[in-house]
Amino acid sequence: MSASSSSMVDPNFIYKRILTYAVLVLLAYVFLFPLLFMVISSFKPQQQIFADLYSIRALLPVGEVSLDNYRAVFRKSAIETMFLNSVIITGTTVVLGLLVNSLAAFALSRLRWKGQQLMLTLVIALLIIPFEAISVPLLMLVAHLPWVGWENGQFVLHGSWLNSLQVQILPMVANAFSIFLFYQFFRDIPKDFDEAAAIDGASPWQIYWKVIVPMSWPVFATVAILQFLHMWNQYLWPIMVVQGEAARPLQPGIQQFFGTTTEWGEIMAYASMVTVPVLIVFLAFQKRFVRSMASAGVKG
């Protein structure tokens, strides 16, 4: 009797689970609806989009479906160049940022040196300063910085960083929030690992590279995702420092594309090409991202 009663499932538990899943499905629908509508609409002509707008067909690839909108995007804009620029800018910044910011956090969390607490305080203080507050002084600085370029088979000295890829990369490599995330994660790793490696004759660089980095992949994935999102969606800074098309990334290019078309299908196609890479990167690092947030968190 007791065995049969213990095997019965509590009805309240079932109701709670059903309610939980219903809420999750509703939230998933709310968040995915705009994205799904954008992608599906990118394959439809404008008349079809408005005809399906108030029915479930708006979320289904039915009707006049084709790749004409994507062909129009390539025909009316230099999206292949802008896409390549965004990939170079974002990829280079993320790779350099992971190295520079993690090394800075390693020095702040694992080493002992004069002025360490002051430097940590400055990093934390930088978290509350918006980029807009320093964008104009930074613009004046990069406008007068020299740069050695390569043109027509020879080195050329440029008197400014404007209208280049490096002006969109180098000022964005060091990031206070990324340093803080690394610092929080590194600080929770027991110092015993460092001491054991030091006894074996390991240098600080070897401790960082062979001890700390292999134990910190979740936070590296988290910072990579956050920096990727930040750089891929950069709009203000490229608008300020790039006037030509040769070094223009995708986000500022969408404003230019709006001036060449009134077709919503083409606009949806452009927006889809900008959004899909973000989803791919997030899905690729999703497990490490969630694991890092669950284990380290963002502590104030």
Side-chain angles (χ1 to χ4, degrees), residues 24-25 27-46 48-50 52-53 56-95 97-98 165 168-169 172 220-239 242 245 247-290 293:
L24 291 176
V25 170
L27 290 175
Y29 175 80
V30 170
F31 285 109
L32 290 177
F33 172 80
L35 180 64
L36 184 60
F37 175 75
M38 176 187 67
V39 174
I40 296 299
S41 299
S42 68
F43 295 98
K44 299 179 179 180
Q46 182 160 291
Q48 187 74 46
I49 294 175
F50 285 105
D52 299 341
L53 192 58
I56 192 62
R57 291 170 60 90
L59 303 178
L60 299 175
V62 294
E64 301 179 37
V65 177
S66 68
L67 296 175
D68 292 343
N69 292 325
Y70 289 91
R71 297 189 186 99
V73 171
F74 281 93
R75 186 175 65 253
K76 295 181 179 180
S77 69
I79 191 170
E80 60 275 11
T81 300
M82 292 185 290
F83 189 89
L84 179 60
N85 290 339
S86 290
V87 170
I88 294 174
I89 293 168
T90 303
T92 305
T93 305
V94 169
V95 172
L98 290 177
L165 295 179
Q168 303 174 74
I169 297 174
M172 304 298 167
F220 273 87
T222 300
V223 173
I225 290 176
L226 295 178
Q227 276 206 293
F228 178 89
L229 293 175
H230 173 70
M231 292 305 303
W232 189 263
N233 295 320
Q234 272 281 0
Y235 182 81
L236 175 63
W237 184 242
I239 284 290
V242 176
E245 293 188 358
R248 179 176 293 157
L250 278 172
Q251 292 295 344
I254 196 170
Q255 182 184 25
Q256 180 188 19
F257 183 71
F258 282 166
T260 64
T261 182
T262 57
E263 294 290 328
W264 280 104
E266 297 175 4
I267 295 174
M268 295 295 184
Y270 191 109
S272 297
M273 296 174 71
V274 173
T275 306
V276 168
V278 177
L279 296 177
I280 294 175
V281 170
F282 178 77
L283 292 175
F285 293 95
Q286 179 184 13
K287 291 184 179 179
R288 295 186 185 273
F289 179 81
V290 174
M293 287 302 179

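Note that these values count all heavy atoms, side chains included, but never hydrogens, waters or copies made by symmetry.
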Which value, rounded to the nearest 0.5 Å, describes the distance between [X] atom [atom1] and [Y] atom [atom2]?
X: Asn233; Y: Phe228; atom1: CG; atom2: CZ; result: 8.5 Å
X: Ile239; Y: Arg248; atom1: CD1; atom2: CZ; result: 7.0 Å
X: Met268; Y: Lys44; atom1: CE; atom2: NZ; result: 11.0 Å
X: Ile89; Y: Gln251; atom1: CD1; atom2: CD; result: 11.5 Å
X: Met172; Y: His230; atom1: CE; atom2: NE2; result: 6.0 Å
X: Ile267; Y: Ile49; atom1: CD1; atom2: CD1; result: 9.5 Å

Which atom names give the shortest non-hydrogen contact between [X] and [Y], and what distance separates them?
X: Met38; Y: Ala271; answer: SD-CB, 3.6 Å
X: Leu59; Y: Ile40; answer: O-CG1, 3.8 Å
X: Trp264; Y: Gln46; answer: N-OE1, 2.8 Å
X: Glu245; Y: Asn85; answer: O-ND2, 4.1 Å
X: Glu266; Y: Ala72; answer: OE2-CB, 3.3 Å
X: Ser272; Y: Val39; answer: OG-CA, 3.7 Å

What residues form a side-chain contact (heavy atoms from CB on, under 4.5 Å) with [X], not counting sequence neighbours?
X: Leu84; value: Ile88
X: Val87; value: Phe83, Trp232
X: Ile280; value: Val276

Tyr270 side-chain N/O to Val73 backbone N/O, donor-acceptor pair under 3.5 Å: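 Between the backbone of Val73 and the side chain of Tyr270 there is no qualifying donor-acceptor contact (under 3.5 Å).
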
Heavy-atom donor-acceptor pair, Gln168 side chain to Val242 backbone, under 3.5 Å: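 It does not hold such a pair.
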
Other residues, nucleotides, ligands: >12 heavy atoms within 6.0 Å of Gln255 CD: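 Counting neighbours around CD of Gln255, 12 or fewer heavy atoms of other residues, nucleotides or ligands fall under 6.0 Å, so no.
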
Please examine the side chains of [Y] and [X], heavy atoms only from C-beta on, and report whether any two atoms are closer than 4.5 Å.
X: Phe258; Y: Ile254; answer: yes
X: Leu250; Y: Phe257; answer: no
X: Leu279; Y: Leu35; answer: yes
X: Leu53; Y: Phe37; answer: yes

